[in-house]
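The structure presented is a predicted model; accordingly, all values stated were derived computationally and were not measured. Letters A, B, ... mirror the listed sequences (proteins, then strands); counts begin at 1.
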Amino acid sequence: MKDLRSKINDIAKRRGIFWNSYEIYGGVAGFYDYGPVGANLKKNLLDLWLEEFVYRDGLMLIDSPVIGPEIVYRASGHVDKFADFMVRCKSCGHAFRVDELIGEFVEIPDALSPEEMNRVIREKNIRCPDCGGELTDVEEFHLMFSTRIGLDKVGFLRPETAQGIFVNFPLLYRINREKLPMGVAQIGRAYRNEISPRQGVLRQREFNMAEIELFVDPEERFDDSRIEDVELPLLKMDGEFIRLSAREAFEKGIVNAYMAYYMARIMRFLEKIGIDTSRVRFRQHHREELAHYSKDTWDCEIELSRGWVEVIGIAYRGAYDLEHHMQYSGADMRAFRKFKEEKIVKRRKIVPRMEILGPMYKGKAKSVAEVLEGMEAPEEKVELKVEMNGSTYTIPEDAYDIVEEERKVSGERFIPHVVEPSFGIDRLIYAILEHTYYEREDSGYKVLRIPPRIAAVKAGVFPLMNRDGMDTRAREILDILRKNGINAYYDDSGSIGRRYARADEIGVPFCITVDYQTLKDGTVTVRERDSTEQKRVPVEKLPDTLRNLIEGRISFGELDAHVR
RNA sequence: GCGGGUGUAGUCUAGUGGUAGGACGGGGGCUUCCCAAGCCUCUAGCCCGGGUUCGAACCCCGGCACCCGCACCA
């Protein structure tokens, strides 16, 4: 008995959903092609995602490059945190992280160069902790793919699409008319040079992500009326598993309002794409497994044949990213928070009188005055002393004035916090396949019960037989459907049952059959995948009817009333 | 990357040194054919590269891929 995973992979390859890339050259681990069915499935899934998460909430969609200069990934922390120095045991082959091995001998292991690490290992005679064997030289392992930009600039392939959003924050903030919360979304590929990717399509070196960065004011309350009433399965950091509504989870302080909002939206979304939500949970990360940028992360996990798999992550990234980009780039990554009422700030400040200081200190006068301006104004006018470059300059009391200044302050600048829901698209697609797969009880035929909305192909058009004009009529109908924007295909090979079976296997929700009656009264049969029931529909009503069925405006059961 | 296992048409599989067989699928045809029916017919394979041998799918070495375990997994 084959396991579910082999069955899915079998269908995926045979029917054009996905397969391992570069097969004619033996294949390369961690890279997958989407075939004609998979590519459409992915496209439909992303369209729904855009609708559900981007357009619905008025977020901005952007598209930034895959390759970024080194500085970006230094700022983001990936160059440091995404690289490990490793050694291997020459006899048992086990791999170890150098910082862990030399940690007890060196204060800050990460600060050492590889050569210094090698020296420490040799001097302290560190050997394999498992078998005592000799260790290899230190090698650096980078989880990021590196490349060159032009002749000699180091570039990296992005390990997440997020940085492309962060680096554009100032511009996007202005485009959004300087309003928070501000959500920015990006769909694209990201790259991680995994040491040994297994688990097929679940762990790839090049993969598809759909990410949202929601920039928020940490002092502003989220409008929690937006949290939908959806039951959430929560596995807390402390190991407790509870089911409770998103609202309750928020009110009890288990998750913050943003998390609760997105968790609820995610549950709804998963339901729409065919995931069995009884096999979904949100798992909170333990402190030690949090990414370097994250304060709190909940993974949305889906139970697959291989156990629970992380498919979506919601990370509370705080101000980490913007802060770092501000540091590294010098750009102002802050937002402006208006006070409810303007504040009047009174300040006493020193105003140098240059007509006195000028002749007194000549060329130095200007810099002396600058230091003087920065000093605290004294209660009464006295002689002041300015220390500068080791010399002391005396400022007589008539060489400055004390001015009372009143300034209106209408707000303050701050670095927004970021909430990041991040969707692993390939994993989501695989999960859809596993959760929608079933075998018919009577015949054992394989079916993917993919919701019509995201199914790759919406309809198959079959002539019952290739004769008496049924074939030409069927081709005409195919043409009509295609011209109406319905992705349909034609199949006249094999028996009619075989054609239904072929359609079921890639989740085609509706099959149109042209039979003898079509020639007489202009109706065709529409066969629904899941029930295998058939209903007759006049050809002229077919495009509308199908579109209504696909969009879920009517159910198959309501079809009779609808076409009458 | 290490240890173990596996690799034969698109898929599943038989074949232990004498030159590959089946099933399913796929294409064409026949059959008034509505749930992989039947019949005829075609299609297509020893993962790649070296070695041993008169001769290798089979034995040996290397590589690649997949599976299990270890390590790794923002």
Base, sugar-phosphate or nothing for [X]? Non-hydrogen atoms, less than 4.0 Å.
X: A:Gln163; result: nothing
X: A:Arg467; result: sugar-phosphate
X: A:Gln534; result: base

Inset, instruction - Assign the ring pair A:Phe510 / A:Phe556 to parallel, tilted or perpendicular, where the plane angle (0 to 90°) is split at 30° and 60°. - result: parallel
Practice prompt. Report the relative orientation of the aromatic rings in A:Phe53 and A:Phe269; use parallel for angles under 30°, tilted for 30 to 60°, perpendicular for over 60°.
Written response: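 A:Phe53 and A:Phe269: perpendicular rings.
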Here the distance between atom P of B:C24 and atom OH of A:Tyr445, to the nearest Å, is 13 Å
Base [N] paired with [X] side chain (donor-acceptor, <3.5 Å):
X: A:Arg527; N: B:C35; result: yes
X: A:Glu194; N: B:C73; result: no
X: A:Tyr25; N: B:C64; result: no

Would you say the ring centroid of A:Tyr316 lies under 6.0 angstrom from that of A:His417?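 Judged by ring-centre distance (under 6.0 Å), A:Tyr316 and A:His417 do meet the cut-off.
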Quiz item: Just by distance, with hydrogens left out, do A:Asp515 and A:Thr513 show a side-chain donor and acceptor under 3.5 Å apart?
Solution: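 Note: A:Asp515 and A:Thr513 side chains miss the donor-acceptor criterion.
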If the P atom of B:A36 is compared with that of B:U16, how far apart are they to the nearest Å? 37 Å
[X], nearest nucleotide to its side chain (from [options]):
X: A:Tyr516; options: B:A36, B:U32, B:U11; answer: B:U32
X: A:Leu464; options: B:A65, B:C35, B:C34; answer: B:C34
X: A:Arg5; options: B:U11, B:C67, B:G27; answer: B:C67

Any A:Arg499 side-chain nitrogen or oxygen under 4.0 Å from OP1 or OP2 of B:C33: no
